[in-house]
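Below is one structure, written out as structure tokens; comments come after it.
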Amino acid sequence: MSLFETYLKLGFNHISDLNAYDHILFIVALCAVYEIHQWRHLLVLVTAFTIGHSITLALATLGVIIIPTNIVEFLIPVTILLTALFNIFEHAEALDKGAIRKNYFIALFFGMIHGMGFSNYLRALLGDEESLIAPLFAFNIGLELGQLLIVACIFAAAFLVLNVFKAKHREWNLFVSGAAAGISIILMQQAL
């Protein structure tokens with residue numbers, strides 16, 4: 001397996017690892033408020049999250065920024081809670097272009113927080129690599145592919161709940177966002 005494939009797989013596994021479900025939970029919370037016909041907006045948000053993740057992952061791996069792990073482990077569920085609360089109090093149909101643009105920057109910022117969570121492990125894996133560009137690029141492509149798979153699974157579940165079981169989208173959003181909020185509060189307590 002090439003170096004590119006190794007880091008691509010590592011990025012994919014990082015986001016899809018059920019043991020590190022905080023990242024999956026963030027993507028689930030991010031998806032909850034959007035309806036299937038709004039998939040373009042959601043894909044841009046997910047990509048903004050990946051870009052933010054990539055920036056701080058690179059900076060933290062290079063040692064440019066160093067934030068204590070316990071702070072990062074607390075901030076990650078805070079991002080999930082804030083996303084879930086936004087979903088509960090704002091509905092995606094009510095979002096105008098300015099609000100959607102603001103959400104892209106929020107997803108980018110939240111991605112920056114999540115990116116710091118993996119940097120120590122990645123730094124240990126990279127060891128004495130001469131160039132970080134190729135491994136980080138491959139890792140982030142894998143991350144994006146994993147996130148898109150999660151989005152597809154959430155949209156498939158939403159389609160089933162909304163079309164087969166005839167739930168209203170607002171009920172789906174409240175259920176998913178409420179569950180994400182509850183789990184994020186537990187994660188914050190565990191991080192303290």
Side-chain angles (χ1 to χ4, degrees), residues 7-36 38-39 41-57 60 69-88 92 103-104 106-122 125 136 138-162 167 169 171-191:
Y7 283 99
L8 179 79
K9 185 177 178 182
L10 185 64
F12 183 86
N13 290 340
H14 168 63
I15 196 68
S16 60
D17 182 5
L18 294 178
N19 293 320
Y21 59 89
D22 53 345
H23 296 297
I24 296 171
L25 189 59
F26 178 80
I27 298 299
V28 169
L30 195 64
C31 291
V33 74
Y34 289 94
E35 296 184 37
I36 294 170
Q38 296 172 304
W39 63 271
H41 294 300
L42 182 61
L43 290 184
V44 173
L45 284 177
V46 168
T47 301
F49 176 80
T50 302
I51 291 168
H53 193 281
S54 303
I55 291 169
T56 54
L57 183 60
T69 304
N70 60 331
I71 293 173
V72 174
E73 293 303 317
F74 178 77
L75 290 176
I76 288 173
V78 168
T79 66
I80 299 165
L81 178 62
L82 292 174
T83 302
L85 291 174
F86 173 80
N87 291 350
I88 291 168
N103 290 344
Y104 298 150
I106 291 170
L108 178 84
F109 178 70
F110 286 177
M112 293 174 91
I113 293 170
H114 284 249
M116 289 183 278
F118 193 67
S119 61
N120 289 335
Y121 178 67
L122 186 60
L125 284 176
L136 283 172
F139 178 86
N140 286 304
I141 289 175
L143 181 78
E144 183 75 359
L145 292 173
Q147 289 177 159
L148 294 177
L149 177 64
I150 294 165
V151 169
C153 291
I154 296 304
F155 271 171
F159 181 83
L160 181 70
V161 168
L162 300 174
H169 186 265
E171 294 168 350
W172 164 259
N173 176 37
L174 289 175
F175 174 77
V176 173
S177 297
I183 295 168
S184 67
I185 290 169
I186 293 168
L187 291 173
M188 285 187 299
Q189 290 172 337
Q190 291 173 349

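All of these numbers come straight from a predicted model, not from anything done at the bench. Note that these values count all heavy atoms, side chains included, but never hydrogens, waters or copies made by symmetry.
Scanning for side chain to side chain contact (heavy atoms under 4.5 Å, CB included) contacts around Phe175 gives an empty result, with sequence neighbours left out. Residues meeting the side chain to side chain donor-acceptor pair (under 3.5 Å) test with Thr47, sequence neighbours left out: Glu144. Partners of Thr56 under the side chain to side chain contact (heavy atoms under 4.5 Å, CB included) rule, at least two apart in sequence or in another chain, are Ile65, Met112, Met116. Ser184 is linked by a side chain to side chain donor-acceptor pair (under 3.5 Å) to nothing, counting only residues two or more places apart in sequence or in another chain. Under the rule for a side chain to side chain contact (heavy atoms under 4.5 Å, CB included), the partners of Leu136 that lie at least two apart in sequence or sit in another chain are Leu57, Ala58, Leu122, Leu132, Asn140. Checked against side chain to side chain donor-acceptor pair (under 3.5 Å), Asp22 has no partners two or more places apart in sequence or in another chain. Taking the ring pair (Phe, Tyr, Trp, His ring centres under 6.0 Å) definition, one finds that His41 meets it with nothing, sequence neighbours left out. Annotation: side chain to side chain contact (heavy atoms under 4.5 Å, CB included) contacts of Ile24 (sequence neighbours excluded): Leu18, Val28, Ile150.
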Original post:
Can Phe110 and Leu82 be said to form a side-chain contact (heavy atoms from CB on, under 4.5 Å), step by step?
Top reply: CA-CA 10 Å; Phe110 286 177; Leu82 292 174; 4.0 Å; yes

Original post:
Between Phe49 and Leu45, is a side-chain contact (heavy atoms from CB on, under 4.5 Å) present by the stated rule, with each step listed?
Top reply: CA-CA 6 Å; Phe49 176 80; Leu45 284 177; over 6 Å; no

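Annotation for Val33 and Gln38: closest pair O-OE1, 4.2 Å, computed over non-hydrogen atoms. The two residues Leu108 and Ile51 come nearest to each other via the heavy atoms CD1-CG2, 3.6 Å. When every heavy atom of Ile88 is checked against every heavy atom of Ser177, the shortest pair comes out as CG1-CB, 3.8 Å. Taking both residues in full, the closest heavy atoms of Cys31 and Val151 are given as SG-CG2, 3.8 Å, listed atom of the first, atom of the second, then distance.
In this structure, CG on Leu143 lies 5.0 Å from OG1 on Thr50, to the nearest 0.5 angstrom. His23 contributes atom NE2, which lies 11.0 Å from atom OG of Ser16 (distance to the nearest 0.5 angstrom). Ile106 CD1 to Thr83 OG1: the interatomic distance, rounded to the nearest 0.5 Å, is 8.0 Å. Rounding to the nearest 0.5 Å places CG of Leu8 at 9.5 Å from CG of Asn13. One distance of note links CD1 of Ile15 with OH of Tyr21; it measures 14.5 Å at 0.5 Å rounding. For the atom pair CG (Leu160) and CH2 (Trp172), the distance works out to 8.5 Å, reported to the nearest 0.5 Å.
Proximity of the aromatic rings of Phe155 and Tyr34 is defined here by a centroid distance below 6.0 angstrom, and this criterion is not met.
Taking the side chain as every heavy atom from C-beta outward, His53 and Gln147 never approach each other to under 4.5 Å.
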N/O donor-acceptor pairs under 3.5 Å from side chains in residues 70-81, not counting sequence neighbours:
| residue | atom | partner | partner atom | Å |
| --- | --- | --- | --- | --- |
| Thr79 | OG1 | Ile76 | O | 2.5 |
| Thr79 | OG1 | His114 | NE2 | 2.8 |

